[in-house]
Amino acid sequence: MLHVGGARTAIFNYFFARSQGGRFILRIEDTDTERSKQEYTDEILDSMKWLGLDWDAEPIYQTQRFDIYRDYVRKMLADGTAYKCWATAEEIDSMRAKATAEGKKPMYDRRYRDYTGAEPSGPYVVRFKTPLTGTTVVHDLIKGDVTFSNEEIDDFVILRSNDAPTYNFTVVVDDVEMKITHVIRGDDHLNNTPKQILLMQAMGFKIPNYGHVPMILGADKMKLSKRHGAVAVTNYREEGYLPESMLNALVRLGWSKGDQEIFSKSELCKDFPLAGCGSSPSVFDRAKLDHLNNHYIREKSLEDLCALLKKTYLVDLSPLLASESSRKLFEALRERAVRMTDFSALAEWYLRNDFARDEASTKEVMATAPREALEALATKWSAVPDSEFSGVKAFEMIKETATTLKLKIPQLAKPVRVLLTGTLASPDLGIVLEALGKTRALERLRKV
RNA sequence: GUUCCCAUCGUCUAGAGGCCUAGGACACCAGGUUUUCAUCCUGGUAACCGGGGUUCGAAUCCCCGUGGGAACGCCA
C-alpha cells in the first residue's frame, strides 16, 4: 500500500519535478521477488492517481531489467570492485553476533573479499568491495553535508544467491541510466546513500543530487504504523477525505512557505521551493486534516459533490439538486460536512420519510414539548395555500405561535426541529421547511 | 551496542544574531451573532529541552549533556 509517509515523499518529488519543468517518473522497485505482487503495485498506482500525481511515461519495473543489472555486476566482478561470497547464513549470523559482542556494528567479516582459492561449489552472493578507509560525504539538499566513515560500511550484497540484484544496486544503476537528477526520499535512507555513492564511484557514474526529508510519526512520536489507525492513502479515501485535503495536509508536513496554509496543486506545480523543507520529523494530525477537508468540501460545487458521492461513496444526493429549495439545503449541509461520508446521515431526513431519529434528544425535547402550540402551528400551516407555503412564512408562523402562547421561540422551535429532522443539529429551520414543503412538514409535525 | 539524523505552543509551523514582549494555522477555552447544532466574528490559554561558551546582543552560531528518531538484511 501507499502509506502517508510514502505519499508525502511522492508529493514532494512530484511538485519539485513539476515546478522545475522536469519529468516525474515512476519506478517500481520490486526486486524482492518473494514479496512483490502486482496487486500491491496496483494499489500504489491507484493511490497515486487519486492524489492526482500523474507521472510521465510508463512506470518502470525493475524486475524487467534484471539482465541489465546482472551485466553491471559482471563488470564489477571483472574489474575487481565486487566479489563472490560463499558464507552461509549461519556463518554470517555468528559474525554479526561476534561484532555486536565486541561493541561494534554487526557486519560481515569480509572473509571472501580477497579469496583466491578454488571456487567452492554451492550458492554464493556477490558483495561490493567497499573501500576500507576514507570518508564519503553526502551533499544533502535538506540536511547539508553528512559525512560517513567508509569503515562503517559493510561489504553489502549486490546480487543474491537466487541471481536477483538488491535494492541498493538496482537504484544506482537506474538512477544513472534514467538520468535522474534529484533523488528525494525519506531520511530513513540517509544511511543507504553513502553505499550508493560508493557504488557509483566504483562504476564511474555521475552522482545525482540527494535530498532526505524527515519522517512522519504517529501521535506518540513513534514511527507511523498500523496501530496508529489509518496509514494507507486508500483508507483516507474510504473515510471520506478529498484528495485536495490529503495533498494539502501532507505537503505542509515538513514543508512550509511563510504563514500560508492553503495550497492548490496548480500553485505548487509552479512553485515548490525545496528550501521550505524542514529537517525535523513531524506528527500527522487528524484534526487539521478534518479542517482542511471541510474547507475543500465547501469549495466544491453541488454538482461535483453529488457526482463524487455517487461514484466513490455510493450515496445518491441527486434529489437535492432538483429544486431551488433543496439546493439551498444541500448548500447548508455542505457547510457542515467534515467528511464525504457525513452527507448520507446529514441528508437522510430529507431523502427518506422513515429516517433515523436521535432518540436521546427526541425524547428529551418531546417530553416538555408544548402540545397545544404544535397543534396550533399545524392548523396555521395547513391553512396556507400550497402555492404560498414558504420556509420564511412557515418559520414566521412558528414565531407568531410561540409569541401568542407566551412561549420563548426555542420552546417551540426545538420540538419542531426534532419532529422534522430527527435531530437538534440541523440547518436553519427556514431552509428545512422550504426544502421539505408543506405536505411533508405537516405530516411530520402531526406525528407528535 | 555502533553510526547517522533531529529538538520553537498539545499538533503543523514562521523565525537565516538585534524587527521576538517569539508570529500564523489546527485543536482547546470564553464572549458575541443565531430559532438549535454548526458556521461566522471577537478575544484568550499555550512553546524556544538543559548547561556551558562566542558576541555589545542568541530561539537563531559552537560544544557538551539529555531526549527522540533512523539505519546497521540474500527488505526496500
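The structure displayed is predicted, hence computed values, not measured ones. By convention in this document, chain letters (A, B, ...) are assigned in the order of the sequence lines, proteins followed by strands, and residues within each chain are numbered from 1.
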For the residue pair [X] and [Y], does the interplanar ring angle fall in the parallel (under 30°), tilted (30 to 60°) or perpendicular (over 60°) class?
X      : Y      : answer
A/W255 : A/F263 : perpendicular
A/F272 : A/F15  : tilted
A/Y72  : A/F205 : perpendicular

Separation of [N] [atom2] from [X] [atom1] (nearest whole Å):
X      : N     : atom1 : atom2 : answer
A/L412 : B/U35 : CG    : P     : 13 Å
A/E152 : B/C4  : CD    : P     : 7 Å
A/I92  : B/C72 : CD1   : C1'   : 14 Å
A/N248 : B/A25 : CG    : C1'   : 11 Å
A/L419 : B/U36 : CG    : C1'   : 14 Å
A/H291 : B/A27 : NE2   : P     : 5 Å
A/E34  : B/C74 : CD    : C1'   : 10 Å
A/Y210 : B/C4  : OH    : C1'   : 16 Å

What nitrogen or oxygen pairs link the protein and nucleotides 39-46 of chain B at under 3.5 Å?
residue	atom	partner	partner atom	Å
B/U39	O3'	A/R298	NH2	3.3
B/U39	O2'	A/R298	NH2	3.1

query: What residues, two or more places apart in sequence or in another chain, satisfy side chain to side chain donor-acceptor pair (under 3.5 Å) together with A/R185?
result: A/T193, A/Q196, A/H212
Quick one: label [X] by what it contacts on the DNA or RNA (base, sugar-phosphate, nothing), any heavy atom closer than 4.0 Å.
X      : value
A/D290 : nothing
A/S149 : nothing
A/I409 : sugar-phosphate
A/P427 : base
A/H189 : base
A/F395 : base
A/D30  : nothing

task: Report yes if a donor N or O on one partner sits less than 3.5 Å from an acceptor N or O on the other, where the partners are the side chain of A/D188 and the base of B/A76; otherwise report no.
output: no
A/F156 six-ring centre to A/K195 NZ/CZ under 6.0 Å and within 45° of normal: yes
- request: Please determine if A/R8 forms a cation-pi arrangement with A/F12, meaning its NZ or CZ atom is less than 6.0 Å from the six-membered ring centre and no more than 45° off the ring axis.
  value: yes
Output field: ring centroids A/Y167/A/H189 closer than 6.0 Å: yes
Could you measure between the two [atom1] atoms, the one in [N] and the one in [M], and give it in whole Å?
N     : M     : atom1 : answer
B/G10 : B/A46 : P     : 10 Å
B/C4  : B/C64 : P     : 12 Å
B/G18 : B/C6  : P     : 23 Å
B/A58 : B/G51 : C1'   : 15 Å
B/U60 : B/G17 : C1'   : 7 Å
B/U3  : B/A25 : P     : 44 Å
B/A7  : B/C29 : C1'   : 29 Å
B/A59 : B/C72 : C1'   : 34 Å

- prompt: Got more than 12 heavy atoms from elsewhere within 6.0 Å of OH, A/Y112?
  reply: yes
field: Residues, nucleotides or ligands: over 12 heavy atoms within 6.0 Å of A/E151 CD
entry: no
- request: On RNA chain B, check which nucleotide each of A/L289 and A/A425 is closest to and give me the residue with the more 5' one.
  value: A/L289
task: Hey, could you give me each pair passing salt bridge (Lys or Arg N to Asp or Glu O under 4.0 Å) that has a residue in residues 415-433 of chain A? Not counting sequence neighbours.
output: none
Passing candidate, side chain to side chain donor-acceptor pair (under 3.5 Å) with A/Y69, options A/T170, A/T166, A/D174: A/D174
task: Give me the one residue out of A/D154, A/T130, A/D155 that meets side chain to side chain donor-acceptor pair (under 3.5 Å) with A/R110.
output: A/D155
- line: With sugar-phosphate taken as primed atoms, P, OP1 and OP2 and all else as base, the protein-contact string of nucleotides 5-13 of chain B at under 4.0 Å (heavy atoms; B, S, -) is SSS---SBS
Please determine, for [N], whether a Watson-Crick or G-U wobble partner exists with both distances under 3.5 Å, and give it or none.
N     : result
B/A70 : B/U3
B/G50 : B/C64
B/C26 : B/G10

Sorted by number, the residues of residues 163-178 of chain A with heavy-atom contact under 4.0 Å to RNA chain B: A/Y167
message: Within residues 95-104 of chain A, which residues have any heavy atom lying less than 4.0 Å from an atom of RNA chain B?
response: A/R96, A/G103
query: Name the one of A/N192, A/V157, A/L198 that satisfies side chain to side chain contact (heavy atoms under 4.5 Å, CB included) with A/N168?
result: A/N192
statement: Nearest heavy-atom contact between A/L317 and A/A347 is CD2-CB, 4.0 Å
query: Is any NZ, NE, NH1 or NH2 atom of the basic residue among A/E324 and A/K328 found under 4.0 Å from an Asp or Glu carboxylate oxygen of the other?
result: yes
From CA spacing to verdict: ring-ring contact (aromatic ring centres under 6.0 Å, His included), A/F16, A/H182: CA-CA 9 Å; A/F16 180 68; A/H182 292 77; 4.8 Å; yes
